[in-house]
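Working notes, beginning with the structure itself.
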Protein chains: 2
Amino acid sequence: MEGRPGSQDGQIASPRRAPSQQRSRERVERMLAAASALIAEQGSDAMRMGEVAERAGVSIGSLYQFFPDKRAIVWALAERHTAESQACISAALADVSDAEGLRRAFSELVEIYYRLFLAEPVMRDIWSGTQADKALRELELADSRANAEFLTVVLKRLRPAADPAALETTAFLVWQMGETAMRLAISVGREEGDRLVAAYKRMALRELLTE
Amino acid sequence: MEGRPGSQDGQIASPRRAPSQQRSRERVERMLAAASALIAEQGSDAMRMGEVAERAGVSIGSLYQFFPDKRAIVWALAERHTAESQACISAALADVSDAEGLRRAFSELVEIYYRLFLAEPVMRDIWSGTQADKALRELELADSRANAEFLTVVLKRLRPAADPAALETTAFLVWQMGETAMRLAISVGREEGDRLVAAYKRMALRELLTE
DNA sequence: TAAAAATATGAGTAATCCTCACATTTGCAA
DNA sequence: TTGCAAATGTGAGGATTACTCATATTTTTA
């Protein structure tokens, strides 16, 4: 969306160089801490590299000594959480051996994840997408609501006795999940994409047709 | 992710000025056509305003005469399709009066949408997000697959007779939809967010626990 | 202790969005 | 027709910011 000099070829490079001395390890920590704070305050899109360097008390050059580009910083922060939550997921599901166990473990997992989404600034930032697109996505959301509304009308007609708010939530969610399935489908191969869309259709219909 | 001069406050402005003369209407059409072609070729992120102007045969100034910023062009293109697909959705669902009708209409709708996703460059561009984030999302996807894998293992354990590929697709989709539900939940109000997560949990469990 | 490797610096480069002062064309009333 | 206001057209330059690189300093190693 904006001007830029350097390279940008859709790759996420690893740290340009691993800090091997005590001194640089501490400085890298300061950089990450500064970035984390700035992301929490304003989001990664508004975060300026110069600002990160200044707050960390290092020069802009040092920043690029260890992080090849802006995304690498965000990603480095994200990776810590990713590893942690993978361990958590693995632990929660490891011992499941029957349906009831799955129900309990999965329910708990959803709650944990939801709290993580609500509370963790860096992950929240990544999950929210760039600030630049926020306005676009807001409009998309409005469109999606409008589309889901057509579905809501049908559901209310078919199930007059059900709670209207619940039907609205269901319709909205089903619709949004459809868009997710499509998005996924076009970003994976065609074959897997077809399977995903088919699976979505089945799931959605089950939800829509079960009273 | 990059440098920029002007204003950017998360708003999408409407055309700065509506073209009222025949001449300018034609020029605006040319601008939109040029933008559409460029988006199809390289995506909106790589599309440069100067390039749009050049290909449309107008000056950069004229572009900004009618479009306040880059996003406005993309959005103007998207709006045409949006109106069209809303009409299509409305028509497909309008006459549904029973469960079988809903099943048919919804199935057809999913297919239509899927084809639209696959074929329409501008919408595909919007749905794919910015190029800048593509690498990040690829890594997110990998993480998501890894997380879903834990779920797959459980499902295979609980349903040894089922088709493994189908279980993988289900687990992946369920997981991805969970992330969608979370993303939604944090971008709407807390109350609606809670309802969405609860609805997701119910849907996911129904899918996971039904053989 | 001297050479090599790692680390630090920040002014400068490059890239691109968008503005603005001024030129040109069009619509329209006298 | 003529004159004027409104609409439209222009493109050089302002502004911002990611990232580089030649050079200086510190740490490790031989």
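Chain A is the first sequence line, chain B the second, and so forth, proteins listed ahead of strands; every chain is numbered from 1.
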For this session: Measure the distance from CD1 on Ile60(B) to C1' on dA23(C) and round it to the nearest whole Å.
Result: 18 Å
For this session: Starting from C1' on dT24(C), measure out to CD on Gln65(B) and report it in whole angstrom.
Result: 12 Å
Exercise. Under a cut-off of 3.5 Å for both distances of each Watson-Crick or G-U pair, what dot-bracket string does DNA chain C give, using [ ] for crossing pairs and | for inter-strand pairs?
Worked result: ||||||||||||||||||||||||||||||
Seminar exercise, completed: Whole-Å distance, Arg27(A) CZ to dA6(C) C1', equals 12 Å
For this session: From the options dT10(D), dA6(C), dT8(D), select the nucleotide whose nearest atom is closest to the side chain of Val58(B).
Result: dT10(D)
Exercise. Do Arg115(A) and Glu120(A) sit within salt-bridge range, that is, some charged N less than 4.0 Å from a carboxylate O?
Worked result: no
For this session: Measure the distance from CZ on Arg48(A) to P on dC19(D) and round it to the nearest whole Å.
Result: 12 Å
For this session: Grab the CD-P distance between Glu54(A) and dA11(C) for me, whole Å please.
Result: 13 Å
Problem set entry | Tyr64(B) side-chain N/O to dT19(C) phosphate OP1/OP2 under 4.0 Å | no
Exercise. Within 45 degrees of the axis of the six-membered ring of Phe172(B) and under 6.0 Å from its centre: does Arg145(B) put its NZ or CZ there?
Worked result: yes
Problem set entry | Minimum-distance pair of heavy atoms, taken over all atoms of Met31(B) and Leu63(B) | SD-CD1, 3.5 Å
For this session: Mind checking Ser24(B) for me? I need base, sugar-phosphate or nothing, with any heavy atom below 4.0 Å counting as a touch.
Result: sugar-phosphate
Exercise. Quick one: is Ser59(B) getting a side-chain N or O under 4.0 Å of the dG9(D) phosphate, OP1 or OP2?
Worked result: no
For this session: Name the orientation class of the two ring planes belonging to Tyr113(B) and Trp175(A) (parallel below 30°, tilted from 30 to 60°, perpendicular beyond 60°).
Result: perpendicular
Exercise. Will you find, in the side chains of Asp69(A) and Tyr64(A), an N or O donor that is under 3.5 Å from an N or O acceptor?
Worked result: no
Exercise. Just how far, in rounded Å, is C1' of dT26(C) from CZ of Arg25(B)?
Worked result: 13 Å
Exercise. Between dG9(D) atom C1' and Glu26(B) atom CD, what is the distance in whole Å?
Worked result: 15 Å
Exercise. Say you draw a straight line from OG of Ser36(B) to CE of Met47(B); how long is it, rounded to the nearest 0.5 Å?
Worked result: 10.0 Å
